[in-house]
There are 2 protein chains.
Amino acid sequence: MKSTNAYYISDYNIPIREYFIFGLSVDCVIFGYQEGEIKVLLVQRSLEPFKDHWALIGDLVEPEQNLCDAANNVLEKLTGLKNIYMKQFFAFGSIDRHPLDRVVTVGYFSVVNSLSYNPIASSWAKSAEWFSINELPELAFDHYTILQKGIETLKHEVRHKPTGFELLPTKFTLLELQLLYEALLGYKFDKSNFRKKILEMNILQPLNEFKENVAHRPAKLFQFDEKRYKVLEEKGFSFEL
Amino acid sequence: MKSTNAYYISDYNIPIREYFIFGLSVDCVIFGYQEGEIKVLLVQRSLEPFKDHWALIGDLVEPEQNLCDAANNVLEKLTGLKNIYMKQFFAFGSIDRHPLDRVVTVGYFSVVNSLSYNPIASSWAKSAEWFSINELPELAFDHYTILQKGIETLKHEVRHKPTGFELLPTKFTLLELQLLYEALLGYKFDKSNFRKKILEMNILQPLNEFKENVAHRPAKLFQFDEKRYKVLEEKGFSFEL
DNA sequence: TCAAAAGTGTTCCGAATACACCCATGC
DNA sequence: GCATGGGTGTATTCGGAACACTTTTGA
């Protein structure tokens, strides 16, 4: 830290020790998708307070650590996943949100293909599990509030940015994509219209591969064309669903 | 504060003194509308660091104060305005954002009718002034970044919620409303279509009053019907422009 | 041959757009 | 009368919703 010796910081002109008493943490809402349902990754706490309660993964921010780095570290520690896109959605700072001290927490969310790794239980967590966002256990602290705000943000973002693709395997069929969006948004699409709309966007790359071992006509596989999307975005195109 | 005596907080199991060193502040982006331009309220700092630079209004959060209360207090202290809707838009926590210490700041914005009061210069600010968002001075700290993020959030919100009405006097003509939205969004509307769209929403209350002293046919005055909007919103209506 | 999903084409309707036109007022 | 903005009506276009239909595979 720089100059913590100064008793006053002149721009506010108040005694530093009285005001520099905030703890700062990040909490991460990690979304996945399994069995047609949107899931969220929770851990069971092995320490007081809220021992044995389920909670979002999170940690205190180090004095020399940026917020987004803290969020990425939390995710990596639990899942081993690196360089995942994480989006800050809200800061929670109620006086009473933490039973022991004044801790302000910043909520981040990210969206991962939940089949690509196994969560790792750590020193502060007994176990980690995926929960459907429709069947949540009781949560520690104000994590229920944070989670709901995260879900709200996800549902909004998913309609305006191609965030949803991260939830699927790299190669997917159009029906898989449709079912994902139906789970995310809570309503049905017409098959024909959904296909038309998404294909006209020109952000899906058709592959010369097909689903295998299915008891019906095998569907063509597609993958999200990130490069093409970036180009279109610069030209003013905006994803809407 | 509660239990600051405890050297360890058990849920994270780390020494408290090493981690509870964050300062927390709020910074407010106050939008107004004058002469067909979107304006933002800035103050000129009378103290180091960044003495004489222009800055957003903001302050440290008190140990026993909620974030949104802190934001409201800042606004009230400078303008005398109470109970104004303020929306949190982002938390800024880069290690180097403050030259003296680690201060995390939470950005809020609000939107006011800028003619209804006079800003008050305070002990820490020489003067307060409205600046067009297209002609900004150099700003203190990372306030330029915060302001840009605030503008981005405003431009988004304004399309999906009837936020814009707060920028106008209570009673306004449809053309005034149209010009405001053109300034906010950066493009023109067709007069007839704009009227049709906004009137069909049924959220404007027509008054039996007209503009006076104008060198053309006097325009009918309207006011935003907050109650009616709330009712419609509950029924699932959503404002879109 | 049947079930199940893949994949296509077409009609219909409403909303957005473009544009033309008349109205009221002050100077 | 004419400049200025107020205010209305309508034809056209475009995209979305609804839905019917054909195709391909495994069992």
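Proteins get letters first, then strands, A, B, ... in listed order; numbering begins at 1 in each. Computed over heavy atoms, backbone and side chain alike; hydrogens, waters and symmetry mates excluded.
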Separation of atom [atom1] in [X] from atom [atom2] in [N], rounded to whole Å:
X: Asn213(B); N: dG26(C); atom1: CG; atom2: P; answer: 8 Å
X: Gln178(B); N: dG5(D); atom1: CD; atom2: C1'; answer: 11 Å
X: Phe172(B); N: dG6(D); atom1: CZ; atom2: C1'; answer: 16 Å
X: Glu212(B); N: dA24(C); atom1: CD; atom2: C1'; answer: 15 Å

- Does His156(A) have any ring-ring contact (aromatic ring centres under 6.0 Å, His included) partners at least two apart in sequence or in another chain, and if so, which?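 Checked His156(A) against ring-ring contact (aromatic ring centres under 6.0 Å, His included); matches are His160(A), His156(B).
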
- Not counting sequence neighbours, which residues clear side-chain hydrogen bond (donor to acceptor under 3.5 Å, both in side chains) with Glu157(B)? List them please. Tyr85(B), Lys87(B), Thr163(B)

- Query: Just by protein heavy atoms under 4.0 Å, how would nucleotides 6-16 of chain C read 5' to 3' in B, S and -?
  - Reply: BBBBB-----S

N-O pairing of [X] and [Y] below 4.0 Å:
X: Glu135(B); Y: Lys39(B); answer: no
X: Glu240(B); Y: Arg159(B); answer: no
X: Lys211(A); Y: Glu176(A); answer: yes

- Distance-only donor-acceptor check, side chains Glu152(B) and Gln148(B), under 3.5 Å: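 Checked: Glu152(B)/Gln148(B) side chains show no N/O donor-acceptor pair below 3.5 Å.
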
